There are 2 protein chains.
Amino acid sequence: MFPKILVVEDDQSISDLISLHLKKNNFEYLVVHNGEDALSHLDTFMPDFVILDWMIPGLSGLEVLRRIRNKQEYKNLPILMLTAKNSEQDKIISFESGLDDYITKPFLPSELIARVKAILKRTSQSNQDQENLIFNEIKINTVQKKAYRGERRLNLGPTEFNILFFLLKNKQRVFSREQILNKIWPNQVNVELRTVDVHIRRLRKELNKNEEKDIIRTVRSAGYSLDFDE
Amino acid sequence: MFPKILVVEDDQSISDLISLHLKKNNFEYLVVHNGEDALSHLDTFMPDFVILDWMIPGLSGLEVLRRIRNKQEYKNLPILMLTAKNSEQDKIISFESGLDDYITKPFLPSELIARVKAILKRTSQSNQDQENLIFNEIKINTVQKKAYRGERRLNLGPTEFNILFFLLKNKQRVFSREQILNKIWPNQVNVELRTVDVHIRRLRKELNKNEEKDIIRTVRSAGYSLDFDE
DNA sequence: TTTTTACCTTACAGATTTATAAAAAAAGGG
DNA sequence: CCCTTTTTTTATAAATCTGTAAGGTAAAAA
């Protein structure tokens with residue numbers, strides 16, 4: 001499960017350059033060419049990072065930035081901005097719209113990648129201990145790849161483990177099948193939405209083995225969430 | 001013998017907060033209010049850890065950091081820095097003066113403690129006696145190049161010995177075939193990933209000779225770990 | 001009540017991943 | 001240089017996982 005990066009860049013040659021290097025560094029990515037598309041793909045593509053050009057047709061980069069930050073669930077989504085001229089830098093800094101970093105064009109792809117990696121590392125670190133995740137009875141150790149319900153070790157396949165991990169990281173939040181698919185499966189695999197049901201079923205089976213309380217909540221016409229539904 | 005922590009912080013309210021939580025977590029600690037005092041107490045207090053504020057009167061936090069690192073005997077002393085603003089983060093990272101971690105103010109005391117513990121755990125592991133490694137029934141003497149399961153001497157080829165050593169050093173942690181290859185084999189040898197399977201197989205064969213419990217855990221789509229898998 | 005929609009459950013075939021064995025290649029020791 | 005040990009590759013078997021389809025169930029809408 002490699003990080004997913006949303007690239008907002010209208011200039012084909014630049015976006016190609018970025019894609020190339022993202023791919024080389026094992027990132028998954030989606031390129032869109034304007035701000036509207038960026039915003040509309042947020043909920044479905046579920047990026048871990050956004051590379052955003054300042055000068056794009058339609059909504060300006062800054063406007064896109066603001067709108068992303070306005071959504072509660074993307075408050076911590078790391079965003080790096082591409083700016084054309086040096087003179088723009090000051091503006092961007094002063095705006096302080098929660099930009100994580102910026103880089104001026106022309107840039108070295110290697111530097112862009114380095115920054116993306118640095119920011120991802122930094123932010124994932126600050127998102128607390130990533131090694132042990134605990135929510136009520138559910139516990140996951142990511143380096144050991146073990147999951148527990150209470151004392152009971154859960155025997156999960158890779159996909160079920162990943163889904164549990166994802167839901168646990170975002171406990172109590174509801175995700176659509178599409179969002180789950182996009183988070184868990186590699187980019188551009190074509191899998192039926194209903195497949196998620198099956199994996200949820202398998203996950204539930206193992207989670208609630210001994211007539212325990214079901215802690216995966218189905219939200220009709222919305223999706224699933226990990227939740228002790230009181 | 002609880003770990004000793006040197007706290008370098010001029011702000012009384014913050015240092016009080018830190019002390020409180022350190023005490024609650026069974027750490028021993030000494031609070032000093034400037035860099036000079038910190039340096040002069042190093043040799044006498046013999047801390048296992050330093051919490052260092054970036055903004056302190058007199059010598060800056062960074063300068064203190066440098067001077068600590070300049071002394072051979074404190075090359076591995078873990079240091080965590082407190083920084084005031086987000087904007088300082090980049091500087092700190094880029095300095096790369098051997099900082100182990102940093103945390104921005106305001107911070108949750110619980111997070112500070114969590115990080116201190118995490119770093120201590122990490123570093124104490126690496127500072128351990130590297131000559132004799134023991135995990136449950138498995139024992140390795142690296143100097144003599146001998147490995148045992150209980151009393152039984154294990155007859156291992158060089159590669160199997162190295163893999164066992166590596167897995168033992170990082171017991172319970174899952175490593176991919178690629179990681180194992182990169183750790184065990186010299187750089188840039190081109191060896192099939194599947195070769196690891198074969199060595200794991202031989203290692204297992206010798207480890208579990210007498211129908212003993214298999215202590216190498218296969219994690220599908222992830223790798224292997226040395227683990228008494230309960 | 002009936003109809004519609006969304007979700008659950010199950011079975012299965014095909015795909016993927018890992019285990020094992022055996023042979024070929026390489027490395028080391030005398 | 002020959003012999004032994006070790007390493008690597010390759011092939012096949014075994015284990016496990018995956019996605020889909022089909023039928024059942026539950027909830028909402030008509």
Side-chain angles (χ1 to χ4, degrees), chain A residues 1 145 147 153-167 174-209 211 213-227 229, chain B residues 145 147 154-167 174-209 211 213-227 229:
Chain A
M1 263 187 357
K145 302 255 183 215
R153 169 82 179 280
L154 300 175
N155 189 5
L156 302 171
T159 304
E160 283 77 41
F161 186 91
N162 289 333
I163 292 177
L164 180 61
F165 178 51
F166 171 61
L167 291 180
V174 178
F175 293 97
S176 69
R177 291 170 179 72
E178 192 176 9
Q179 289 178 314
I180 293 173
L181 264 184
N182 285 324
K183 263 297 178 195
I184 306 296
W185 274 256
N187 252 0
Q188 286 153 345
V189 281
N190 239 28
V191 175
E192 290 293 318
L193 281 183
R194 287 277 149 229
T195 300
V196 176
D197 295 30
V198 178
H199 285 284
I200 288 285
R201 153 80 176 143
R202 292 203 260 252
L203 179 53
R204 269 185 173 140
K205 206 170 188 173
E206 182 64 21
L207 274 172
N208 315 325
K209 218 168 194 172
E211 301 173 14
K213 191 164 138 208
D214 184 14
I215 59 178
I216 292 183
R217 181 165 59 109
T218 301
V219 182
R220 201 184 160 88
S221 78
Y224 299 99
S225 79
L226 190 70
D227 206 339
D229 197 7
Chain B
K145 302 262 180 208
L154 300 175
N155 187 8
L156 302 172
T159 305
E160 283 78 41
F161 184 90
N162 289 333
I163 292 177
L164 179 61
F165 177 51
F166 172 62
L167 291 180
V174 176
F175 293 97
S176 68
R177 291 170 180 73
E178 195 173 6
Q179 289 177 312
I180 293 174
L181 265 185
N182 287 329
K183 271 290 176 194
I184 305 296
W185 274 256
N187 256 358
Q188 284 153 345
V189 279
N190 239 26
V191 175
E192 290 291 320
L193 282 183
R194 288 276 142 229
T195 301
V196 175
D197 294 33
V198 180
H199 287 285
I200 289 286
R201 152 84 174 140
R202 285 202 277 263
L203 180 52
R204 268 188 174 136
K205 209 169 187 172
E206 183 63 22
L207 276 172
N208 315 326
K209 219 167 193 171
E211 299 175 14
K213 191 163 140 209
D214 185 12
I215 60 176
I216 291 183
R217 178 166 61 111
T218 301
V219 182
R220 192 176 227 259
S221 82
Y224 300 98
S225 79
L226 190 70
D227 206 338
D229 197 9

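Convention: sequence-line order gives letters A, B, ...; per-chain numbering from 1. These numbers were taken from a predicted model, which means no experiment stands behind them. Values reported hereafter were calculated over all heavy atoms of this structure, with side chains retained and with hydrogens, waters and symmetry mates removed.
At distances below 3.5 Å, at least one donor-acceptor pair connects side-chain atoms of B/Arg204 with backbone N or O atoms of B/Ile216.
The side chain of A/Glu192 has D/dT20 as its nearest neighbour among D/dT20, D/dG19, C/dA19. Nearest nucleotide to the side chain of B/Arg177, out of D/dT18, D/dT9, C/dA19: C/dA19.
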Reading nucleotides 22-30 of chain C from the 5' end, what letters show protein touch, with B for base, S for backbone sugar-phosphate only, - for no heavy atom under 4.0 Å? ---------
Does the protein touch nucleotides 22-30 of chain D at the base, only the backbone, or not at all? Give it as B, S and - per nucleotide, heavy atoms under 4.0 Å. -----BS--
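With a 6.0 Å radius and a threshold of 12 heavy atoms from other residues, nucleotides or ligands, A/Lys183 has its NZ atom above the threshold.
Scored by the salt bridge (charged side-chain N to carboxylate O under 4.0 Å, His left out) test, A/Arg194 finds A/Asp197 as partners (sequence neighbours excluded). Partners of A/Glu206 under the salt bridge (charged side-chain N to carboxylate O under 4.0 Å, His left out) rule, at least two apart in sequence or in another chain, are A/Arg152, A/Lys209. Listed by chain and number, the residues in a ring-ring contact (aromatic ring centres under 6.0 Å, His included) with B/Phe161 amount to none (sequence neighbours excluded). Every residue was checked against the side chain to side chain contact (heavy atoms under 4.5 Å, CB included) condition with A/Arg220, not counting sequence neighbours, and none meets it.
Contact annotation for B/Arg194: base contact, defined as any heavy-atom pair under 4.0 Å involving a base atom. Among the heavy atoms of the strands lying under 4.0 Å from B/Val219 are primed sugar atoms or P, OP1, OP2 only; no base atom is included. At the heavy-atom level, B/Thr195 lies under 4.0 Å from base atoms of the strands shown. The residue A/Tyr224 sits close only to the backbone: its heavy atoms come under 4.0 Å of sugar-phosphate atoms, none of a base.
In this pair, B/Phe166 and B/Phe175 present their aromatic rings tilted. The plane angle is within the 30 to 60° band.
Of the two residues near DNA chain C, B/Lys205 and A/Ser221, the one whose nearest nucleotide lies more 5' is A/Ser221.
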